[in-house]
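Working notes, beginning with the structure itself.
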Amino acid sequence: MSPVRPTLKAADPAPVSANLGAGVQLCSFHVGGVDYVIDLMRVEEILQAPAVTPVHRAPRYVEGVVELRGAIVPVVDLRKRLSAGPPRPRSKPKLLVVRVGRRRIGLRVDGVTEVVRAFRQDIKPT
């Protein structure tokens, strides 16, 4: 595992401000040419990118919905949402199923790289 860089960008800014001295485990992923992290405690599962059912009149970045074990989960394409560039060569698209508040959403990313440990004060919000 490579050392944590202090320039990590948090896709989930909420936990960054609380308890700055504590360590945290982060799921690292990339969208376009940029690496991001999200608190591992928010990640429920990581899936191969499934087929998505489009939703009429949804915002451009909402790709649609998927059915996961009886639950309907909205899918956000982070490349569109973040206006990111093209994926890295040999990217393996994934769907991160995460909890945001009480909601469960799918984040389509270009790839998941590793779990890293960091101190909260080393993480900068996006």
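The first residue in the sequence is number 1, and the count goes up from there.
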Using only atom types and a distance under 3.5 Å, with no angle test, would you say the side chain of S28 pairs donor to acceptor with the backbone of E114? no
Could you walk me through whether Y36 and L82 pass the side chain to side chain contact (heavy atoms under 4.5 Å, CB included) test, one step at a time? CA-CA 11 Å; Y36 295 90; L82 300 172; 3.6 Å; yes
Is there a side-chain contact between I38 and V98 in this structure, where contact means two heavy atoms from C-beta onward sitting under 4.5 Å apart? yes
Among the clusters formed by ILVMFWY side chains lying less than 4.5 Å apart, do V97 and V100 turn up in the same one? no
Between V66 and T53, does the side chain to side chain contact (heavy atoms under 4.5 Å, CB included) criterion hold? Intermediate values first, please. CA-CA 6 Å; V66 293; T53 303; over 6 Å; no
I need the minimum non-hydrogen distance between G101 and R42, along with the two atoms involved. N-NH1, 3.9 Å
Distance, nearest 0.5 Å, that separates CG of L68 from CG of L47: 6.0 Å
Within the side chain of R99, is there an N or O that forms a donor-acceptor pair under 3.5 Å with the backbone of R102? yes
Nearest-0.5 Å distance that lies between atom CZ in R117 and atom CG in D122: 15.0 Å
R108 side chain to P50 main-chain N or O, any donor-acceptor pair under 3.5 Å? yes
Indicate yes or no: at least one non-hydrogen side-chain atom of V75 is less than 4.5 angstrom from one of V62. no
Whether the side chain of R120 engages the backbone of V24 through a donor-acceptor N/O pair (distance < 3.5 Å, no angle test) should be reported. no
Do P87 and R79 make a side-chain contact, defined as non-hydrogen atoms from C-beta onward lying under 4.5 Å apart? yes
Residues V52, V65; criterion side chain to side chain contact (heavy atoms under 4.5 Å, CB included); working and verdict: CA-CA 6 Å; V52 176; V65 295; 5.7 Å; no
Take D110 and R90, measure what salt bridge (Lys or Arg N to Asp or Glu O under 4.0 Å) needs, and give me the verdict at the end. CA-CA 9 Å; D110 292 336; R90 297 184 305 241; over 6 Å; no
SB check E45 R104 (cutoff 4.0 Å): yes
Residues Q25 and D39: closest non-hydrogen pair is O-OD1, 3.6 Å
Please indicate whether E67 has more than 12 foreign heavy atoms, meaning atoms of other residues, nucleotides or ligands, lying under 6.0 Å from its CD. yes
R81 versus V76, closest heavy-atom pair with distance: CB-CG1, 4.2 Å
List the atom of F29, the atom of T113, and the distance in Å for their closest heavy-atom pair. N-OG1, 4.0 Å
Considering all heavy atoms, the nearest G33-R88 contact: O-NH2, 3.7 Å
Can you tell me how far the CG atom of L95 sits from the CG atom of L107, to the nearest 0.5 Å? 7.5 Å
In sequence, state the C-alpha distance, the side-chain angles, and the governing distance for I46 and C27, and then conclude on side chain to side chain contact (heavy atoms under 4.5 Å, CB included). CA-CA 10 Å; I46 301 169; C27 177; 4.2 Å; yes
